[in-house]
Asks: 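Can you read through this structure? Questions will come right after.
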Amino acid sequence: MTNNIVEILFENAEKYPNKLAIIHKKEKITYKKLAQDVKDYAQYFLSKGIKKGDNVLIFVPMTIELYKILSAIFYIGATAVFVDAWADKNRLDQALTIVHCKAFIACPKAFVLKLMSKKVRDVGINIMSGTIRNPKSKRPIEPATPDTTALITFTTGSTGLPKAAKRTHEFLLEQHYVLKKHLAPNINDVDLASLPVFVLHNLACGTTSVIPDFNPQKPSDIIPEKILNDIKNNNVTTSVGSPRFYEKLAEFGKIEGLKKIFTGGAPVFPKSAKLLQEKFIDCDVEIVYGSTEAEPIASISTKELLKFQGDVKDGLYVGKPIDDINIKIIKSSNEPIENFESTWLLVGEIGEICVEGKHVLKEYYNSDEAQKFAKIHYQGQVWHRTGDAGYLDNEGRLFLMGRVKNRFVHNNKVVYVFPIENALLEVDGVEIGTVLKLGEQIIFAVETKIPQEKLEQELKTRGFEFDKLVITKIPRDPRHNSKIDYDKLKRILS
């Protein structure tokens, strides 16, 4: 029985010793060398006093060094803790209040966090990446078991406390099995992975990962020529990343060489799907719908999305739920769910999307309030409330309507934002836009270079009704730079 992802890495090192595991810029490492370094790093961490069950805060950029450190932490049964690099002092302190860490492993630049935060200063064991050496003595390693916590990351948490997503080794394995089944990688694939967790998945698949030459904190600031060189020089065949990453690449022009792209982390409306399909030549583009707690939930190809003849008011079609997940649509509510069955909606009714499956996160770490609100215990299973509004049609197809919390009532009707955002994108010259209700006013916020009067006239001609039109730079989520940051937008408009 396989206990954890690292065991699969070691097996792959036996099967493919000389195969390249990871490529980053001019640095390359084989599976054999990676496995040996992981064992050496594990011994070093043990010698420093890190042991099974300890929480280890990691601030190391997306490099080969990161995956040596991460795999070694997994190997000894410690827990890797990640806080987003864009986190300010307040968010960092919140995260470390929820998850107390025994050790801090960081690149030299990140040690400035010790000046910023007393919580980081209070962490006892400090290790600088690049200085890790193999100790002379060897210590016995107690292997991580499936129920050992492997990884703790934080949801975006733009309002209130961030939620600490607790991933056990069993969860990571189940997620790997589902992704492997769904993404169906070929052993000879070379994958450009701009989302960090997918490098772990690739290592378990025995494929080669290319870490793109970009700053993961700013996916919209990529230099396309650098990424295209990564693709060409390493014979990349597949890629996983956020929609914004590929949209920025597509702006460069037509791109050849890739056979398959998987994009996730944010919605992809038909306008963006059309751009990706046109610019990536002879390449299948698959749009994956999921969340931190459940990845994947459903998927659809750009070809199928563009072929769909629905009305924009139908919402965003994201395909059929995958076989490995159970799904229910429940009445939208701002309260914890006590009686699950009483909330179930019928086919075609819009509500909150709820999911259950082996690769669905069962619990948060030290986050009782989030656990009570987002998790539903029913007949021995744990269901997760995604916070997304949507519905299933009579063919079992899933449609998204936007976040539940962004819905509002106007003229006695519930308004969801995705249909309007999709319709706005159909206006030539609109980059992105949405609708909000502030007080009693319906406000359209649009990012565009179209003059205000001309856009107002265009929108009214198309039948849009609003009290105020604001042309502004639309803030996006700091993680993928793809989704609208509604809370920040509301603050700006207020």
Side-chain angles (χ1 to χ4, degrees), residues 158 220 243-244 246-248 250-253 266-279 287 302 305-318 350 388-391 399-477 480-494:
S158 50
S220 63
R244 191 73 171 152
Y246 297 116
E247 287 167 6
K248 296 301 286 186
E251 288 175 11
F252 183 80
V268 177
F269 290 101
K271 180 180 177 180
S272 180
K274 188 170 185 284
L275 174 72
L276 299 183
Q277 189 168 296
E278 286 176 352
K279 297 295 186 179
I287 303 159
T302 51
L305 176 59
L306 293 172
K307 201 164 54 176
F308 178 64
Q309 295 298 313
D311 194 290
V312 288
K313 69 176 184 293
D314 294 335
L316 179 61
Y317 178 32
V318 291
I350 301 169
D388 291 328
Y391 66 94
F399 293 78
L400 299 186
M401 300 296 284
R403 296 292 287 170
V404 170
K405 69 177 183 178
N406 293 328
R407 76 195 191 283
F408 58 85
V409 177
H410 181 62
N411 291 339
N412 297 317
K413 281 174 137 185
V414 179
V415 178
Y416 293 93
V417 300
F418 269 17
I420 293 171
E421 289 176 9
N422 191 14
L424 284 171
L425 286 170
E426 291 192 341
V427 179
D428 285 341
V430 169
E431 178 72 22
I432 191 171
T434 191
V435 59
L436 306 101
K437 187 175 184 181
L438 295 179
E440 291 304 309
Q441 278 199 316
I442 301 299
I443 299 175
F444 275 26
V446 179
E447 186 174 316
T448 183
K449 291 178 181 174
I450 304 171
Q452 178 103 11
E453 285 184 16
K454 185 179 177 184
L455 182 58
E456 280 190 9
Q457 186 57 48
E458 176 69 28
L459 295 179
K460 285 174 180 174
T461 301
R462 289 171 176 252
F464 287 105
E465 295 179 7
F466 52 88
D467 298 307
K468 187 177 179 183
L469 171 65
V470 179
I471 293 178
T472 182
K473 180 78 175 171
I474 302 284
R476 305 185 193 225
D477 70 292
H480 299 299
N481 203 239
S482 294
K483 294 183 285 193
I484 294 173
D485 188 334
Y486 297 96
D487 296 303
K488 189 172 182 180
L489 180 60
K490 284 175 186 174
R491 289 195 297 272
I492 291 168
L493 296 179
S494 295

Asks: Which heavy atom of A266 sits nearest a heavy atom of P243, and at what distance?
Replies: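 Looks like O-CG, 3.7 Å.
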Asks: What is the distance from atom CD1 of I484 to atom CD of E447, rounded to the nearest 0.5 Å?
Replies: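 Rounded to the nearest 0.5 Å, the CD1-CD separation comes out at 9.0 Å.
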Asks: Got a salt bridge between K405 and D487, using NZ or NE/NH1/NH2 to carboxylate O under 4.0 Å?
Replies: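 Looking at K405 and D487, the cut-off is met.
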Asks: For E465 and I442, what are the C-alpha separation, side-chain angles and deciding distance, and is it a side-chain contact (heavy atoms from CB on, under 4.5 Å)?
Replies: CA-CA 8 Å; E465 295 179 7; I442 301 299; over 6 Å; no
Asks: Over all heavy atoms of both residues, which pair between G315 and M401 is shortest? Give the atoms and the distance, please.
Replies: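 Closest approach of G315 to M401, heavy atoms only: CA-SD, 3.6 Å.
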Asks: Residues two or more places apart in sequence or in another chain: which of them pass side chain to side chain donor-acceptor pair (under 3.5 Å) with R407?
Replies: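 Scan of R407 (side chain to side chain donor-acceptor pair (under 3.5 Å), adjacent residues dropped) gives none.
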Asks: Hey, what do you get for CD (E456) to CZ (F464), rounding to the nearest 0.5 Å?
Replies: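 Output value for this atom pair is 13.5 Å.
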Asks: Give the minimum heavy-atom separation between T472 and A445, together with the two atoms involved.
Replies: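 The answer is CG2-CB, 4.4 Å.
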Asks: When rounded to the nearest 0.5 angstrom, what distance separates CD1 in I420 from CG in L459?
Replies: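 Between atom CD1 of I420 and atom CG of L459 there are 11.0 Å.
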Asks: Would you find a donor on one side and an acceptor on the other, under 3.5 Å apart, between the side chain of D477 and the backbone of S482?
Replies: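 Yes, D477 side chain to S482 backbone: donor-acceptor pair under 3.5 Å.
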Asks: Please report the interatomic distance CG(L438) to CG(L436), rounded to the nearest 0.5 Å.
Replies: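 So the gap between those two atoms works out to 5.5 Å.
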Asks: In chain order, what residues pass the salt bridge (Lys or Arg N to Asp or Glu O under 4.0 Å) check against K271, with sequence neighbours excluded?
Replies: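 Checked K271 against salt bridge (Lys or Arg N to Asp or Glu O under 4.0 Å); zero matches.
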Asks: Could you tell me the separation between the CZ atom of F399 and the CG atom of D388, rounded to the nearest 0.5 Å?
Replies: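 Going from the CZ atom of F399 to the CG atom of D388 covers 15.0 Å.
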Asks: Once salt bridge (Lys or Arg N to Asp or Glu O under 4.0 Å) is applied, do any residues pair with E431, and if so which ones, sequence neighbours excluded?
Replies: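 By the salt bridge (Lys or Arg N to Asp or Glu O under 4.0 Å) rule, E431 matches R244, R476.
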Asks: Taking the side chain as every heavy atom from C-beta outward, state whether L455 and L469 have any atom pair closer than 4.5 Å.
Replies: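 They are in side-chain contact.
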Asks: Restricting to salt bridge (Lys or Arg N to Asp or Glu O under 4.0 Å), what partner residues turn up for D314, sequence neighbours left out?
Replies: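 Expected list: none.
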Asks: Taking it one step at a time, do D467 and I443 satisfy side-chain contact (heavy atoms from CB on, under 4.5 Å)?
Replies: CA-CA 6 Å; D467 298 307; I443 299 175; 5.9 Å; no
Asks: Please name all residues satisfying side chain to side chain donor-acceptor pair (under 3.5 Å) with K274, sequence neighbours left out, ordered by chain then number.
Replies: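 Result, side chain to side chain donor-acceptor pair (under 3.5 Å) vs K274: E278.
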Asks: Side chain to side chain donor-acceptor pair (under 3.5 Å) with E421: which residues, sequence neighbours excluded?
Replies: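 Testing E421 for side chain to side chain donor-acceptor pair (under 3.5 Å), a comparison that skips the adjacent residues, returns T434, Y486.
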Asks: Quick one: closest heavy-atom pair of P475 and I492, and the distance?
Replies: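 Taking every non-hydrogen atom into account, CG-CD1, 4.0 Å.
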Asks: Would a 4.5 Å heavy-atom cut-off, applied to side chains only, mark K413 and V409 as touching?
Replies: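 No, their side chains stay 4.5 Å or more apart.
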Asks: Evaluate L305 against Q277 for side-chain contact (heavy atoms from CB on, under 4.5 Å), listing each step before the verdict.
Replies: CA-CA 11 Å; L305 176 59; Q277 189 168 296; over 6 Å; no
Asks: Compute the ring centroids of Y416 and F408, then answer whether they are less than 6.0 Å apart.
Replies: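 Centroid separation for Y416 and F408: 6.0 Å or greater.
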Asks: Quick check: do L316 and P270 have side-chain heavy atoms less than 4.5 Å from each other?
Replies: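 Of all side-chain heavy-atom pairs linking P270 with L316, at least one is under 4.5 Å.
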Asks: Closest approach of V268 and A273, non-hydrogen atoms and distance?
Replies: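 The pair with the smallest heavy-atom distance is CG1-N, 3.8 Å.
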Asks: Quick one: are R462 and E458 in side-chain contact, heavy atoms under 4.5 Å?
Replies: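 Sidechains of E458 and R462: in contact.
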Asks: Taking everything shown except D311 itself, do over 12 heavy atoms lie less than 6.0 Å from its CG?
Replies: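 Correct, the count exceeds 12.
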Asks: Please round to the nearest 0.5 Å and tell me the distance separating atom CD1 of I432 and atom CZ of F269.
Replies: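 With rounding to 0.5 Å, CD1 (I432) is 8.0 Å from CZ (F269).
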Asks: Applying side-chain contact (heavy atoms from CB on, under 4.5 Å) to K279 and Y246, what does each step give before you reach the verdict?
Replies: CA-CA 10 Å; K279 297 295 186 179; Y246 297 116; over 6 Å; no
Asks: Any idea which heavy atoms bring I471 and P451 closest together, and the distance?
Replies: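 Nearest heavy atoms, I471 then P451: CD1-C, 4.3 Å.
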